[in-house]
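Report on one structure; see the data block that follows.
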Amino acid sequence: ATQTCHPQSTKNWFCWGDSAVGKSSLVLRFVKDQFDDFRESTIGAAFLTQTLPINDELAVKYEIWDTAGQERYKSLAPMYYRNANCAIVVYDITQAASLEKAKSWIKELQRQAPEGIVIALAGNKLDLAQERRAVEKSDAESYANEMGLLFFETSAKTAENVTELFTAIANKLPLQE
Ligand code: GDP
C-alpha cells in the first residue's frame, strides 16, 4: 500500500529475531530511552508506537510489532510482515547461532514480504564485544551488503547506534508517493 507522507503518516515496521537477542530492549531503548537488565522475555507480540522526526517539517509515526522469536510463534509472522514497510531483524553478536536464525528470517522476508520493504540487520549487545564477541562485524556486514540490507551493530544497553539504526531506516523509506 502506498502512503502520502506528512507528520501523521503511518509506517508499519516490526522487529524480528531469535529469543533473547534484545528485540524488546532495542524497542524500549528507542521508545522510552530506557534499559532493563531483568526484563521478562516477550510472549507473543508486544505493540508500541513511536514518532520519529525526520527533519523540521517531517515526522514518521511507527507502529512497532515486537514479535517473539520462539519457533512456536513463527506461524504468526506473516500477519506482521504482510503490512510492513520495514523490518529490523536482530541477532546477538555473542551468539553465532542467532545470526544463522536471522539469515533464515531474512530469506523468508525477501521471498514473502511486500515489495519495497526496508530490511535492516542489527547485531545487538555491542557492549559485550570485547569479552564475548562470537560474530565478526565484517562477516555480518558483507552478508548484509550482499543482501541489500541496512546494517548496524547496536547496544540497547548503552544506546550505541540505536537512534542511528532507526534513523537510517526512516531515511530509506519512500516518503512521497
Ligand atoms: P528479546 O527476547 O529478543 O526481546 O530480548 P530481550 O529484549 O528480552 O533481552 C534479552 C536479555 O538480553 C535481557 O536480559 C536483556 O537485558 C539483555 N540485553 C538486551 N539488549 C542488550 C544489550 O544491548 N546488551 C546487553 N549486555 N544485554 C542486553
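Since this is a predicted model, take the numbers as computed values, not measurements. Computed over heavy atoms, backbone and side chain alike; hydrogens, waters and symmetry mates excluded. Whatever order the structure lists them in is the order used to number ligands and atoms, beginning at 1.
- Ring pair Phe166/Phe30 is parallel by interplanar angle, where below 30° counts as parallel and above 60° as perpendicular.
- Here the options are Ile88, Thr94, Val90, the test is side chain to side chain contact (heavy atoms under 4.5 Å, CB included), and the partner is Asn124; only Val90 passes.
- When every heavy atom of Ala140 is checked against every heavy atom of Leu121, the shortest pair comes out as O-CD2, 4.2 Å.
- For ligand 1, the polar-atom distance check against Ala156 finds a nitrogen or oxygen pair separated by under 3.5 Å.
- Residue Leu128 has at least one heavy-atom neighbour below 4.0 Å for each of these atoms of ligand 1: 26 (N).
- For ligand 1, the atoms lying closer than 4.0 Å to a non-hydrogen atom of Asn124 are 20 (N), 21 (C), 22 (C), 23 (O).
- Note: an N/O pair closer than 3.5 Å links Lys125 and ligand 1 by distance alone.
- The atoms of ligand 1 that sit less than 4.0 Å from any heavy atom of Asp37 are 14 (O), 16 (O).
- Interface atoms of ligand 1 facing Asp18, defined by a heavy-atom separation under 4.0 Å, are 3 (O).
- Residue contacts with ligand 1 include Ala20, since one of its heavy atoms falls under 4.0 Å from the ligand.
- A 4.5 Å side-chain heavy-atom check between Lys32 and Val27 finds every atom pair outside the cut-off.
- Ser98 and Asp18 form no side-chain donor-acceptor contact under 3.5 Å, judged by distance and modelled atom types alone.
- Under a 4.0 Å criterion applied to the non-hydrogen atoms of Asp127, ligand 1 contributes the atoms 22 (C), 23 (O), 24 (N), 25 (C), 26 (N).
- When Asn85, Leu150, Leu149 are each tested for a side chain to side chain contact (heavy atoms under 4.5 Å, CB included) with Val118, only one passes: Leu150.
- By the criterion of a heavy-atom distance under 4.0 Å, both the backbone and the side chain of Val21 are placed next to ligand 1.
- Residue Val135 comes nearest to Asp92 through the heavy atom pair CG2-O, 4.5 Å, listed as atom of the first residue, atom of the second, then distance.
- Follow the hydrophobic side-chain contacts under 4.5 Å out from Phe35 and you never reach Leu165; the two are in separate clusters.
- Near Ser25, meaning under 4.0 Å from any of its heavy atoms, are these atoms of ligand 1: 6 (P), 7 (O), 9 (O), 15 (C), 19 (C), 20 (N).
- Heavy-atom contacts of Asp36 reach the following atoms of ligand 1: 16 (O) (cutoff under 4.0 Å).
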